[in-house]
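The block underneath contains the structure these notes are about, expressed in structure tokens.
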Amino acid sequence: MAKQSVSLSREFGKGLWAENPVLVSLLGLCPTLAVTNSAINGLAMGLATTFVVVSSGIIISSFRKLIPHQVRIAGYIVIIATFVTLADRYLAAFYPDISKALGPYVPLIVVNCIILGRQEAFASKHHPGRAALDALGMGVGFIAVLFVLGSIRELLGSGSILSFQVLGDWWTPWMVMILPPGAFLTLGLLIGLSNWINEKRATA
Amino acid sequence: MSTSAKMILVLAVITALAGAILSAWDGYTQPKIEQHRLEALQAAIADVLPAHDHYDEVQADDMTLYVGKNSANQPVGIAFRAVGSGFQGEIAMMVGVTPDFEQLTGLAILEQIETPGLGAKIQRDPSKPDDPNWFTQQFQGVRPNPEITVVKNQQPDQPNEIQAITGATISSRAVVQILNTSLEQAKQAYRTSKQQVS
């Protein structure tokens, strides 16, 4: 059950760095690699995923004692899929351009392992307040990585960030950065960088 | 209550609630999504047809033709959606042509997933900021009879020729091929539709 020794700020903060879903757990890599060809796409995917992980976390943790153990995964998936569909339709109705750019990756949030993982590992064992903080921390950690990844790729691949031209005419865009190989290269370097920082900290 | 009865009950309640919430949300968002789809369609039709007063939607031979008409209700151009395979995936475009199918009035790429920097130039060429749509614009006025052909590394000098994008010959050819096939189908469909009326 809930360990009261863990402070609330730690519950939120662990998702940002120490247990970051992408950099440390390497979860949710499919959307991470697929949609981060621009900063805005990364941001939108991060926000949609955060909405889903937080709302389903609160619902699942509120009803955790009512859902029988044997059918919990089926129940979680229906709840998660409901929130994903809400988010998908919302984007299509109000942000058609982003919805078109993200394509099938919004419905695919259903199978993002960050979300089911947090329900199984955390929300189903803790109070709604803690579950919400935990989910929010994971979501913000996910947004941060997607945004940084998208910004780097957009900067090098198109010379802009959030569609604002940053680099001048002298810059020849590295097309590869907005293609799939650019996603793997940049993510690999980011994970390497985070590990290097952790190692530095441990020895310091 | 037995465990299995509880399992069935809980899952039934969850799915029923999910269904209710989603149908309410769908009722709210569907009209807006439909409106976006319609706006995009109308923008594409306006893009490829010459100046027209209104357009009629005509169904014939499994095709939808958008017949642009002037204020005297005479057809001035016909637009239709053409889809086919490109280098990586489907290319969808809106084609505009005169009612006698002798001259193209415009071409707009609606959807494509060609290689960015190469084939994607069929939609927008970022290396030519003054004229990013040069590829589709050259179709305006092209005569598709005989078949439209692609020329490489030279200026087109025939009324049925267009210039390929350097480094993206396959994508350029794909657009032309989709165009040639669909023009034939559209011509047939337009003939059918006129017979239906008369």
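FYI, side chains are in, hydrogens and waters are out, and symmetry mates aren't considered; it's all heavy atoms of this structure. Sequence lines set the chain letters: A, B, ... in the order given, protein chains first and strands last, and positions in each chain run from 1.
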Report, one line per pair, each donor and acceptor closer than 3.5 Å where one atom sits in a side chain of residues 27-42 of chain A; sequence neighbours left out.
unit_1: A:T32; atom_1: OG1; unit_2: A:G28; atom_2: O; d: 2.6
unit_1: A:T36; atom_1: OG1; unit_2: A:T32; atom_2: O; d: 2.8
unit_1: A:T36; atom_1: OG1; unit_2: A:R153; atom_2: NH1; d: 2.8
unit_1: A:N37; atom_1: OD1; unit_2: A:N41; atom_2: ND2; d: 3.1
unit_1: A:S38; atom_1: OG; unit_2: A:N41; atom_2: N; d: 3.4
unit_1: A:S38; atom_1: OG; unit_2: A:N41; atom_2: ND2; d: 3.4

Next item on the list: Could you list the residues that satisfy side-chain contact (heavy atoms from CB on, under 4.5 Å) with A:L167, not counting sequence neighbours?
Entry: A:L155, A:W170, A:W171

With a cut-off of 3.5 Å and sequence neighbours excluded, list every side-chain donor-acceptor pair involving residues 48-63 of chain A.
unit_1: A:T49; atom_1: OG1; unit_2: A:M45; atom_2: O; d: 2.7
unit_1: A:T50; atom_1: OG1; unit_2: A:G46; atom_2: O; d: 2.7
unit_1: A:T50; atom_1: OG1; unit_2: A:G139; atom_2: O; d: 3.3
unit_1: A:S55; atom_1: OG; unit_2: A:F51; atom_2: O; d: 2.3
unit_1: A:S56; atom_1: OG; unit_2: A:V52; atom_2: O; d: 2.5
unit_1: A:S56; atom_1: OG; unit_2: A:Q119; atom_2: NE2; d: 3.2
unit_1: A:S61; atom_1: OG; unit_2: A:H126; atom_2: O; d: 3.2
unit_1: A:S62; atom_1: OG; unit_2: A:I58; atom_2: O; d: 2.6

Check: Quick one: do the A:S7 and A:S9 side chains pair a donor with an acceptor below 3.5 Å?
Finding: yes

Next item on the list: Give, as side chain, backbone, both or neither, the part of A:L66 having an atom under 4.5 angstrom from any heavy atom of chain B.
Entry: backbone

Check: Under a 4.5 Å heavy-atom cut-off, does chain B meet the side chain of A:Y90, its backbone, both or neither?
Finding: both

Note to self: Within residues 25-60 of chain B, which residues come under 4.5 Å of chain A, heavy atom to heavy atom?
What the structure shows: B:W25, B:D26, B:Y28, B:T29, B:Q30, B:K32, B:I33, B:H36

Note to self: Quick one, B:I148 and B:L104 - any side-chain contact, counting heavy atoms below 4.5 Å?
What the structure shows: yes

Next item on the list: Answer yes or no: is there an ion pair linking B:E114 with B:K121, defined by an N-O contact shorter than 4.0 Å?
Entry: no

Checklist line | Pick from B:L22, B:I21, B:T3, B:V13 with the largest number of heavy-atom pairs that fall under 4.5 Å of chain A | finding: B:L22

Margin query: Tell me whether B:Q177 at atom CD has more than 12 heavy atoms from other residues, nucleotides or ligands lying less than 6.0 Å away.
Written below: no

Next item on the list: Look at atom CD of A:E199 and say whether more than 12 heavy atoms of other residues, nucleotides or ligands are closer to it than 6.0 Å.
Entry: no

Check: Which answer fits A:L179, side chain, backbone, both or neither, if we ask what part of it has an atom under 4.5 Å from a heavy atom of chain B?
Finding: side chain

